[in-house]
Asks: 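The following block contains the structure, expressed as structure tokens.
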There are 2 protein chains.
Amino acid sequence: MSDNTLSKSNLNPNVSVDCVIFGFDGEKLKILLIDREQVMVGDDGEKVYALPGNLIRNDENLDSAAHRVLNELTGLHDIFLEQFGSFGDPDRLTKKTDLAWLKSIRAQPDARVITVAYYSLVRADQLELHASGFAKDALWHDIDKLPSLGFDHDKIIDSALKELRFKSKYQPLGFELLPEKFTLGQLQKLYEAILNTELDKRNFRRKILKMSFLVPLQEKQIGVPHKPARYYTFDKDMYQNYKSNDFYFTL
Amino acid sequence: MSDNTLSKSNLNPNVSVDCVIFGFDGEKLKILLIDREQVMVGDDGEKVYALPGNLIRNDENLDSAAHRVLNELTGLHDIFLEQFGSFGDPDRLTKKTDLAWLKSIRAQPDARVITVAYYSLVRADQLELHASGFAKDALWHDIDKLPSLGFDHDKIIDSALKELRFKSKYQPLGFELLPEKFTLGQLQKLYEAILNTELDKRNFRRKILKMSFLVPLQEKQIGVPHKPARYYTFDKDMYQNYKSNDFYFTL
DNA sequence: ACAAAAGTGTTTAATTTACACCCATGT
DNA sequence: ACATGGGTGTAAATTAAACACTTTTGT
């Protein structure tokens with residue numbers, strides 16, 4: 001904060017991070033995109049959005065850079081971020097509109113930049129977003145109707161989605177990412193949104209509850225116009241244990 | 001080749017690639033390491049090895065860089081390489097012996113370098129190695145008795161090994177990587193070496209043969225002092241098909 | 001009373017596991 | 001003849017899949 005101007009010179013011109021933040025609102029899977037400072041309009045006149053991302057600093061590691069950049073652009077903090085790939089085609093920053101924008105914000109707008117990509121999954125409806133930096137706005141977009149995207153961000157999102165689907169089938173993903181307490185119905189909806197399929201309620205419950213890190217709470221939903229569901233939470237220690245062992249599961 | 005001197009100036013000072021080449025000799029899992037030009041000796045007097053890796057060029061993408069660098073240092077070519085992670089701690093190049101070595105080969109030895117890591121799995125006993133560039137030698141090392149390593153290469157190898165084990169359980173990995181024809185016994189030994197376990201022969205065969213991309217050849221082993229095994233090959237098209245569908249398998 | 005999601009078991013099919021002997025070849 | 005790894009089947013246990021009704025609450 002205090003060395004904000006100083007830090008500018010400390011940016012590495014060749015390495016950036018980009019964050020694919022998946023959001024779940026209880027129903028659908030979304031992605032967090034930023035709207036950049038100047039009006040970015042593509043060849044076809046459409047607005048062009050981007051993933052939150054920026055150059056790394058020379059004195060921070062990649063994970064820290066991802067957290068910092070995400071926070072600077074969207075206000076999100078303290079979320080789980082996982083690196084899933086790096087993208088470095090020499091021409092990934094060469095779209096006309098992207099170049100024009102880079103000229104307005106970067107010391108070396110023509111530099112070759114490779115980007116290290118991270119993803120996360122959060123509650124889209126419970127986190128406050130505060131766009132700042134060069135982000136004019138930070139908004140959730142439906143995953144099945146994404147707008148035009150700058151750079152190679154469509155490719156990065158494709159890749160993140162593949163990773164999310166793959167991991168969610170073979171690891172109990174989505175637990176670092178859930179609110180502290182949740183119902184099994186919410187959990188099932190989450191998996192259905194990720195995998196884009198419907199799951200059998202009874203089979204889902206049986207399988208998911210076999211994982212010993214899911215612990216039932218006494219607390220139940222209140223004020224819902226149907227039988228109130230029990231809340232669950234998950235035991236981080238048990239979960240770590242589970243993760244370190246080999247296992248897979250099928251939903 | 002012809003623009004070798006010219007290309008030097010074209011190197012990006014901040015981004016490198018490193019290759020973790022797993023080798024299988026029919027028995028054990030190995031890793032390919034290079035021995036660098038000057039004698040590299042750690043604090044304890046031990047020789048210090050490194051993964052084949054170097055800076056990328058500004059005009060090539062990351063995959064090409066990995067193939068090029070691997071070829072320049074070890075002579076390997078036309079192998080399957082998969083990106084599995086990027087490593088970028090600010091202090092990853094700050095060991096004394098590493099710094100000394102970097103000063104002898106790099107224009108900007110103190111530059112922050114993040115590295116994009118790739119892995120592969122090849123036949124350790126059938127490929128010719130030709131060390132060149134700053135590699136004095138390129139040698140296979142047993143995976144369970146690795147020597148001292150420069151930089152953060154021990155961390156990179158750990159990570160690669162985890163990835164290899166994970167992927168090999170959930171995807172039919174190790175097929176791009178095998179010789180054109182192989183016996184099921186060899187395939188089983190490969191999986192046993194990767195997973196570091198013993199597998200039941202009959203169960204292994206049943207499961208692996210259910211994968212339609214494994215095709216039996218008429219050809220059999222000759223000159224072996226036991227019943228000659230049938231050779232198999234794998235159908236790349238079927239395999240792609242298989243990979244694009246969701247699936248997992250347990251050995 | 002009704003709408004809406006929670007919660008709960010059983011049967012059948014498919015998959016996984018454990019396990020032992022004969023075969024073809026070179027020496 | 002013997003040593004070596006190749007090749008094969010089956011029974012029992014486990015896991016996955018399909019499927020429908022009762023419960024609790026708010027309106």
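In the text below, chain A, chain B and the rest are named by the order of the sequence lines, each starting its count at 1.
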Asks: To the nearest Å, give me how far apart CZ (A:F204) and P (D:dA17) are.
Replies: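 Taking atom P of D:dA17 as the reference, CZ of A:F204 is at 14 Å.
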Asks: Out of D:dT24, D:dA20, D:dG9, which nucleotide sits closest to the side chain of A:R202?
Replies: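 Out of D:dT24, D:dA20, D:dG9, the nucleotide with an atom closest to A:R202's side chain is D:dA20.
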Asks: Roughly how many Å is it from CD in B:Q221 to C1' in D:dG5, rounded to a whole number?
Replies: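 In whole Å, D:dG5 C1' and B:Q221 CD are 9 Å from each other.
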Asks: Calculate the interatomic distance between B:K220 atom NZ and C:dC23 atom P; express it in whole Å.
Replies: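 B:K220 atom NZ is separated from C:dC23 atom P by 14 Å.
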Asks: Side chains of B:N203 and B:R206: any donor to acceptor distance under 3.5 Å?
Replies: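 Per modelled atom types, B:R206 and B:N203 side chains form a pair under 3.5 Å.
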Asks: Can you tell me how far C1' of D:dG6 sits from OH of B:Y231, to the nearest Å?
Replies: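 After rounding, the gap between these two atoms is 13 Å.
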Asks: Checking contacts here: which listed nucleotide (C:dC19, D:dC19, D:dG6) is nearest the side-chain heavy atoms of B:D200?
Replies: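 Selected nucleotide (nearest to the side chain): C:dC19.
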Asks: How many whole angstroms separate atom NZ of B:K201 from atom P of C:dC23?
Replies: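 My rounded result for the distance is 14 Å.
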Asks: When you get a sec, tell me which of C:dT25, D:dT8, D:dT23 is the closest nucleotide to the side chain of B:P228?
Replies: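 Selected nucleotide: C:dT25.
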Asks: Roughly how many Å is it from NZ in A:K189 to P in C:dA5, rounded to a whole number?
Replies: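 From A:K189 NZ to C:dA5 P: 7 Å.
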Asks: Rounded off to whole Å, could you give me the CZ-to-C1' distance for the A:R205 and C:dT10 pair?
Replies: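 Nearest whole value for this atom pair: 18 Å.
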Asks: To check you understand the geometry: which heavy-atom pair defines the closest contact between B:I34 and B:F134, and what is its length?
Replies: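 Heavy atoms only, the tightest pair is CD1-CE1, 3.8 Å.
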Asks: Considering only side-chain heavy atoms of B:H226, which listed nucleotide, D:dT24, D:dT4, C:dA6, is closest?
Replies: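 Per side-chain heavy atoms of B:H226, the pick is D:dT4.
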Asks: Look at the aromatic rings of B:Y119 and B:F84 and report parallel, tilted or perpendicular, splitting at 30° and 60°.
Replies: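 If you compare the ring of B:Y119 with that of B:F84, the planes turn out perpendicular.
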Asks: Given 3.5 Å as the limit, does a donor-acceptor pair link the side chain of B:R165 with the main chain of B:I194, or not?
Replies: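 Yes: the side chain of B:R165 pairs with the backbone of B:I194.
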Asks: Closest-nucleotide mapping onto DNA chain C: is A:Q186 or B:P225 further toward the 5' terminus? I mean the 5' end.
Replies: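 Comparing both residues, the 5'-ward one is A:Q186.
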Asks: So if I take every side-chain heavy atom of A:K207 and compare against C:dC19, D:dA16, C:dT25, which nucleotide ends up nearest?
Replies: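 Nearest listed nucleotide: D:dA16.
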Asks: For B:D18, run the side-chain contact (heavy atoms from CB on, under 4.5 Å) check against B:L70, B:T115, B:D152 and tell me which one passes.
Replies: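 Result for side-chain contact (heavy atoms from CB on, under 4.5 Å) with B:D18: B:T115.
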Asks: For A:R206 and for A:A229, locate the closest nucleotide of DNA chain C by heavy-atom distance; then report the residue assigned to the nucleotide nearer the 5' terminus.
Replies: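 Here A:A229 is the residue nearer the 5' end.
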Asks: To the nearest angstrom, how far is B:N203 atom CG from D:dT14 atom C1'?
Replies: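 It is 14 Å, rounded to the nearest whole Å.
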